[in-house]
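Quick note on labels: first sequence line is chain A, next is B, and so on, each numbered from 1. The basis for the numbers below is simple: all heavy atoms, side chains too, and nothing from hydrogens, waters or symmetry mates.
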Number of protein chains: 4
Amino acid sequence: MLVSAKRVSEHGGRTFTEEARRAQIVRAAIDTVAEHGYPNTSFSKIAQRAGLSSTGMISYYFAGKAELFDEVVATVLRAAEEFVGPRIQHAQTYRAKLRAYIESNLDFMAKYPGHTLALAEIIIGTRDRDNVPVGAINQATASIDALVDCLDKGLAAGEFADVEPRVMAVAIRGAIDNTLRHHMLTPGVDLESYGSKLADIFDRATRSAS
Amino acid sequence: MLVSAKRVSEHGGRTFTEEARRAQIVRAAIDTVAEHGYPNTSFSKIAQRAGLSSTGMISYYFAGKAELFDEVVATVLRAAEEFVGPRIQHAQTYRAKLRAYIESNLDFMAKYPGHTLALAEIIIGTRDRDNVPVGAINQATASIDALVDCLDKGLAAGEFADVEPRVMAVAIRGAIDNTLRHHMLTPGVDLESYGSKLADIFDRATRSAS
Amino acid sequence: MLVSAKRVSEHGGRTFTEEARRAQIVRAAIDTVAEHGYPNTSFSKIAQRAGLSSTGMISYYFAGKAELFDEVVATVLRAAEEFVGPRIQHAQTYRAKLRAYIESNLDFMAKYPGHTLALAEIIIGTRDRDNVPVGAINQATASIDALVDCLDKGLAAGEFADVEPRVMAVAIRGAIDNTLRHHMLTPGVDLESYGSKLADIFDRATRSAS
Amino acid sequence: MLVSAKRVSEHGGRTFTEEARRAQIVRAAIDTVAEHGYPNTSFSKIAQRAGLSSTGMISYYFAGKAELFDEVVATVLRAAEEFVGPRIQHAQTYRAKLRAYIESNLDFMAKYPGHTLALAEIIIGTRDRDNVPVGAINQATASIDALVDCLDKGLAAGEFADVEPRVMAVAIRGAIDNTLRHHMLTPGVDLESYGSKLADIFDRATRSAS
DNA sequence: GATGAATGAGTGTTCATTCAT
DNA sequence: AATGAATGAACACTCATTCAT
């Protein structure tokens, strides 16, 4: 049997050009959601931004609306993880890891505000056919679980005091996301300086009340 | 000229039945958004839930989609304010007011989870024709501003240490909202117990690092 | 048998107040058509302009859309006839009557531009259920017939030369109506001065070519 | 890159089939307006007549109602110009040109009564959002201006006497259009014979009163 | 593999009319 | 006699998806 001339990437047996097209569409989808909001995002707006002549192309490359936005979410999360992950791992103490988590998240937002905004819109707006916001479960819990894990270990190591890890993790994640939202509405805000201040808040919150 | 037999309420010269219908539609809209998500909410879904024969009825009572959802937002915010306001005013110190703010917000969410969920979806999903999420600005800043004011006064009174009021306010609001979101996804969570724990977190965060 | 307390006018057994309401609605309809055009004229626009609280009132006083606009047409034609008729009758020769017809028509238009505009829009736009513009037939032929009659008699009296009455009548009527239309689009035009010039044209056209 | 297999016409980068569909829809629109009148013309009536499965197809090929009817007007005017133009240019004197204008206009109407009728309805019925019948301005003034120009030149050449060009032009145009209207209502009329008689009228009207 | 064309259900909104009171 | 409320069909238009080529 001959090997196919078209090289196939590791992603579900797709060719390189196929993968490139998908990436192009995903990028256009991110930008469109960021600009128009998820409810106002349609295939035709995405196709237009991607420079495609018809919406049929999108359906050709993605099985449906759900698959496209799943890929969008995955893409943004992957980018965020690549940006944030190393900085957390590089930190020595759990307290330092917590600070790195908060600050690097805000740095990522500052660098890719559209990505983060689109992510939030899609996660909140997407539901499966049982009306359960299924994408949200995966993503939100994944992000939260990582934080919980960090807090758990820090507690065990005696670095944090008086912390209920899950409550704290949910609060931190919400604080980070809301900071972006606040930033989008009041453009004067400097996200980077917010990072260290936000980190300060939760640094203090994880100390004993003394 | 005799006084009209139809009694007119204080709301913009509308009759009682008119006001009742509007309230009925607003209620149905809240429930529909909470269940299906804002992007999947249509007039026909709302009409169906409200037991109306056609979507035309909704257009008959509301000038447009925007007016309906403006009223939804206003209704939920009014309810929240009535619930939360007195508890904050009743607290004596600013530190106590902060705790009351957090706890009563979570209590409100526990009591009317659909209201709060719908509110968040609409605020995030609604944009004006310049793609600016205009409802969000009004509401979000209003809620944030109230918190900032409380923190400012507490700082002046020497009750809080090391606080940058706006950063802190944004964080608190985000933590509260995300707690609801987390609660919706993982139904086991007890919102009321979360309230005091969340209050603890920000109580500690507003103390001096010692 | 007792006489009804409500006085009844000669118009199909309607009371005075009824007739007043109808007149009020007809007036509002004329203005609305003149301003928005016949295709954009709806009962709600008319009701609004007439100061009525609901469109139901219009349906209450008029059996349907057709009856309302029939009355509008009749009203405008009656007004025009009252304005134009005496001036024609007062003229001594048929040539003078023709001039009087043209000039007084343009004077009427100058005085009630909305009426004439609305009339034209409705006549052109209205069809019965067989798609025949039925109102138009009645009105247009009535107006044309009067002109034809005048030209016929003038011909018999030897005042006009080389005239095919119907062709001429249609041309005159069209010239008059188009002058109004032209006036509406280019507001600088002085309708009154146009009247004598238009009369000159057809005065010459009815002379022998010699 | 290879040249696309789909051939593209010169009209705004549209393909042949696209252009064909548009023409088909425009044709159906003309017929529908001629039969039902402009106010009673809807996308669904047009789609039905064009043999299309849904009104969505029309929106697919035309950006909106306005674009469709703009194209209808342009199509009819183009056809009329192609029909009328050469006959006017072929005439040697301005007096002959005037006769050619009137007669060829009526010949066109006799050949395409639906086109002309539809044109008149759309022009009269269409307004922009300031209630200005904008299409009318362009078309009516264009047609009038051509006539005015002819009369001006004829005056300068000493062919016409005692003529106020604009008044005369408006009268001629109105006479022509009204003749069509009259013809539609009373089908016995022979438009072609009307043409020479109408030309006679304005031929006489442009001679000196002697 | 790629695409332009087509589909049909769905969107919010307006319409003239009816009806119970 | 008069009216506010309600109706349901129709409106122009957009949607994600399918399909023949």
Side-chain angles (χ1 to χ4, degrees), chain A residues 6 14-15 17-18 21 39-47 52-68, chain B residues 4-6 8 14-18 20-21 39-47 52-69, chain C residues 6 14-15 17-18 21 39-47 52-68, chain D residues 4-6 8 14-18 20-21 39-47 52-69:
Chain A
K6 311 229 171 163
R14 297 194 201 91
T15 64
T17 63
E18 226 172 341
R21 278 267 195 235
N40 302 321
T41 294
S42 66
F43 274 25
S44 60
K45 280 208 187 80
I46 297 171
L52 303 173
S53 58
S54 87
T55 66
M57 287 239 48
I58 299 176
S59 291
Y60 180 72
Y61 283 105
F62 293 91
K65 208 183 173 185
E67 188 185 300
L68 168 56
Chain B
S4 164
K6 309 240 166 155
V8 166
R14 295 196 201 91
T15 62
F16 272 15
T17 62
E18 208 172 344
R21 274 273 189 238
N40 304 319
T41 294
S42 66
F43 273 26
S44 59
K45 281 209 188 79
I46 296 171
L52 303 173
S53 61
S54 78
T55 69
M57 285 241 49
I58 299 177
S59 291
Y60 181 75
Y61 283 103
F62 293 90
K65 206 181 174 185
E67 189 184 300
L68 169 54
F69 285 108
Chain C
K6 310 231 169 160
R14 295 194 203 90
T15 63
T17 62
E18 227 172 340
R21 278 269 195 231
N40 303 320
T41 294
S42 66
F43 274 25
S44 61
K45 280 207 188 81
I46 297 171
L52 303 172
S53 58
S54 87
T55 66
M57 286 238 51
I58 299 176
S59 292
Y60 180 73
Y61 282 105
F62 294 91
K65 207 183 173 185
E67 189 183 302
L68 168 56
Chain D
S4 164
K6 311 240 167 158
V8 165
R14 294 196 202 91
T15 61
F16 273 14
T17 62
E18 208 174 345
R21 274 273 188 236
N40 303 319
T41 294
S42 66
F43 274 24
S44 59
K45 281 210 188 77
I46 297 171
L52 303 174
S53 61
S54 78
T55 69
M57 285 241 48
I58 299 177
S59 291
Y60 180 74
Y61 283 103
F62 293 91
K65 206 182 174 185
E67 189 184 300
L68 169 56
F69 285 108

Please report, rounded to the nearest Å, how far the [atom2] atom of [N] is from the [atom1] atom of [X].
X: B:Glu18; N: F:dT3; atom1: CD; atom2: P; result: 16 Å
X: C:Arg21; N: F:dT3; atom1: CZ; atom2: C1'; result: 10 Å
X: D:Ile46; N: F:dC13; atom1: CD1; atom2: P; result: 11 Å
X: B:Ile58; N: E:dT11; atom1: CD1; atom2: C1'; result: 12 Å
X: D:Phe16; N: E:dA5; atom1: CZ; atom2: P; result: 13 Å

Side chain to side chain donor-acceptor pair (under 3.5 Å) partners for A:Ser54, two or more places apart: none
Give, for atom [atom1] of [X] and atom [atom2] of [Y], the distance between the pair rounded to the nearest 0.5 Å.
X: B:Tyr61; Y: B:Leu52; atom1: OH; atom2: CG; value: 9.0 Å
X: C:Ile58; Y: C:Arg21; atom1: CD1; atom2: CZ; value: 11.0 Å
X: A:Ile46; Y: A:Phe62; atom1: CD1; atom2: CZ; value: 9.0 Å

Residue whose nearest DNA chain E nucleotide is more 5′ - D:Ser54 or C:Lys45: D:Ser54
Contact under 4.0 Å: C:Tyr61 side-chain N or O vs F:dA2 OP1/OP2: yes
Per-nucleotide protein contact string for nucleotides 16-21 of chain E, where B marks a base within reach and S marks sugar-phosphate only (heavy atoms under 4.0 Å, - for neither): SBB---
Residues in side-chain contact (heavy atoms from CB on, under 4.5 Å) contact with B:Thr55, at least two apart in sequence or another chain: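 Testing B:Thr55 for side-chain contact (heavy atoms from CB on, under 4.5 Å), a comparison that skips the adjacent residues, returns B:Phe43, B:Ser44.
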Range-with-range stems of DNA chain E (Watson-Crick or G-U pairs under 3.5 Å, three or more in a row): E:2-21 with F:2-21
